[in-house]
Amino acid sequence: MLIRRHTPESEDHGIDLAPMLDFVLNLLIFFLITTSFVKETGVTVTRAEAMLVEHRDTGNLLVAVRENGDIWIDRRRVDLRELRAIIERLHVERPDDTAVIVADKTAPAGVVARVMDQIQSVGIKDISLAATPLGGR
Amino acid sequence: MRWKRHQLRDQGEGTHGIDLAPMLDFVLNLLIFFIITAVFVKEFGLAVNRPGGQVQPGSAGEPSLPIQILAGGEILIEDRVVDLRAVRANIERVHAVTPKKGVLIVAEEEAQTGLLIQVVDQIHQGGVYDVTFATGR
C-alpha cells in the first residue's frame with residue numbers, strides 16, 4: 001500500500017499548477033485593464049499642434065470641447081452645469097487622476113476656461129490642454 | 001457502417017482529436033492583449049494653470065507678464081501687437097531679465113483655443129513654464 005502510493009502511476013494525483021498559473025495571469029491582465037481604462041470622450045476633434053508637449057500617461061480624465069462649444073465626457077455630451085458632478089464621480093473612482101482638456105482648434109477659449117474651472121473646483125490640480133506633437137517626434 | 005464509425009470515434013475520444021482548450025486559452029489571451037494595447041491612449045498636452053489654482057499668478061513675488069489674445073486672433077504683449085512667431089523672442093527677453101516671472105494669458109471668450117495652445121507652446125519654448133490662463137473681454 002505504502003509502496004504503491006509512491007509509484008510513478010500515482011503522479012497525476014497531485015494538483016496541476018499550470019491551469020492555476022494561467023488563471024492568475026488572466027486575473028492580473030484583467031486588473032491591469034480595469035485600472036488603466038481611459039474614459040474616452042466620444043468625439044474626435046482637431047487638436048492644435050505644439051512643439052513642446054509632454055506625454056500625460058496618467059491623463060485618464062478626458063474632457064473634449066468641440067468647435068461649437070459642446071462639452072463631451074465619457075462618450076456623451078454634457079452641459080457645463082452637469083460637468084462638475086460627473087467629474088466628481090470620476091475623481092472619486094481614481095483620485096490620482098490628472099485631467100486633459102481635448103479642445104478643438106477653433107473652440108472658444110471661454111468654454112475651455114470654464115471647463116478648467118469646473119475641473120479645478122473638484123480638486124484636480126494638474127490640468128493640461130491636449131495638443132499633437134509637431135514634427136516626427 | 002456509418003453508425004459504427006461514429007461509435008468508434010466516440011470511444012477514442014480525447015486521445016486522437018486535437019485538443020481545442022489550450023488553443024482557446026491562447027486566443028483569449030491574445031484578444032485581451034490587443035484590447036489592452038488599443039486602450040492605452042497616448043495623450044499629449046501642455047500644462048496650464050487657472051487663477052485660483054495651486055500656483056497663483058505672481059506667487060514668486062513678481063507680477064506676471066500679461067499676454068492678451070483677442071477674438072480676432074491678435075496677440076498683445078504689454079499692449080503691443082505681436083506676431084505669433086515673435087512671442088517666443090519676447091518671452092525669452094523677459095525671462096532673461098526676470099527669470100521668476102510667470103506669464104498670464106488673458107484671452108477673450110471667443111478667442112480660438114488653437115491659437116491659445118500655440119501661444120502657450122511659444123511661451124514654453126521661451127523658457128517660461130508658469131503659465132496662467134484667464135479670460136476677459
Side-chain angles (χ1 to χ4, degrees), chain A residues 18-19 22-23 25-26 29-30 32-33 36-41 45-60 62 65 67 69 98-114 116-117 119-121 124-134 137, chain B residues 21-22 24-26 28-55 69-71 73 88 105-129 131-137:
Chain A
D22 284 0
F23 185 70
L25 197 77
N26 270 338
I29 292 170
F30 173 76
L32 214 70
I33 293 177
S36 69
F37 217 93
V38 175
K39 295 279 181 193
E40 283 178 63
T41 58
V45 296
T46 322
R47 287 139 209 243
E49 291 173 331
M51 291 274 275
L52 293 178
V53 287
E54 313 157 24
H55 186 200
R56 324 289 303 184
D57 13 59
T58 51
N60 287 329
L62 294 173
V65 181
E67 64 272 19
T98 62
V100 178
I101 299 174
V102 189
D104 195 274
K105 259 183 185 178
T106 52
V111 177
V112 174
R114 263 171 257 131
M116 281 178 87
D117 279 342
I119 297 171
Q120 208 170 49
S121 67
I124 301 170
K125 290 174 187 80
D126 195 350
I127 308 170
S128 53
L129 297 170
T132 44
L134 199 71
R137 284 204 318 135
Chain B
L24 266 175
D25 283 359
F26 185 69
L28 194 79
N29 270 338
L30 267 184
L31 180 81
I32 292 170
F33 173 76
F34 283 113
I35 289 173
I36 295 179
T37 48
V39 154
F40 277 133
V41 177
K42 272 189 187 169
E43 202 59 71
F44 295 93
L46 300 160
V48 180
N49 299 319
R50 271 294 276 169
Q54 53 175 10
V55 184
I69 300 173
L70 304 186
R88 180 182 172 176
I105 298 175
V106 183
E108 284 194 338
E109 294 271 321
E110 289 79 28
Q112 292 191 346
T113 309
L115 184 64
L116 169 76
I117 289 168
Q118 280 172 318
V119 170
V120 174
D121 187 35
Q122 292 288 321
I123 294 165
H124 283 188
Q125 283 181 48
V128 178
Y129 287 90
V131 181
T132 307
F133 166 50
T135 47
R137 45 190 85 235

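Residue numbers start from 1 in every chain, and the chains themselves are labelled A, B, ... in the order their sequence lines are given, proteins ahead of strands.
When each of A:Gly69, A:Ala103, A:Pro108, A:Pro19 is scored by its heavy-atom pairs under 4.5 Å with chain B, the top score falls to A:Pro108. Note: B:Leu46 leads B:Ile32, B:Ile117, B:Leu46 in heavy-atom pairs under 4.5 Å with chain A. Residue with the most contacts toward chain A among B:Ala47, B:Ala134, B:Gly45: B:Gly45 (heavy-atom pairs, distance under 4.5 Å). Between chain A and the residues B:Asp25, B:Val120, B:Asn29, the most heavy-atom pairs under 4.5 angstrom are made by B:Asn29.
Within the 4.5 angstrom heavy-atom criterion, only side-chain atoms of A:Val102, from C-beta onward, approach chain B. For B:Phe26, no part sits under 4.5 Å from any heavy atom of chain A, backbone or side chain. For A:Glu67, no part sits under 4.5 Å from any heavy atom of chain B, backbone or side chain.
Using modelled atom types, one side-chain atom of A:Thr132 and one backbone atom of A:Ala48 make a donor-acceptor pair closer than 3.5 Å. For the pair B:Asp121 (side chain) and A:Met51 (backbone), a donor-acceptor distance under 3.5 Å is present.
A donor-acceptor contact closer than 3.5 angstrom is absent between the side chains of B:Arg50 and A:Gln120.
Under the side-chain contact (heavy atoms from CB on, under 4.5 Å) criterion, B:Ala111 pairs with A:Ala109, B:Ile69, B:Ala107, not counting sequence neighbours. Every residue two or more places apart in sequence or in another chain was checked for a side chain to side chain donor-acceptor pair (under 3.5 Å) with A:Thr46, and none qualifies.
Contact record, A:Ala130 with A:Val100: CB-CG1, 3.7 Å, taken as the closest heavy-atom pair.
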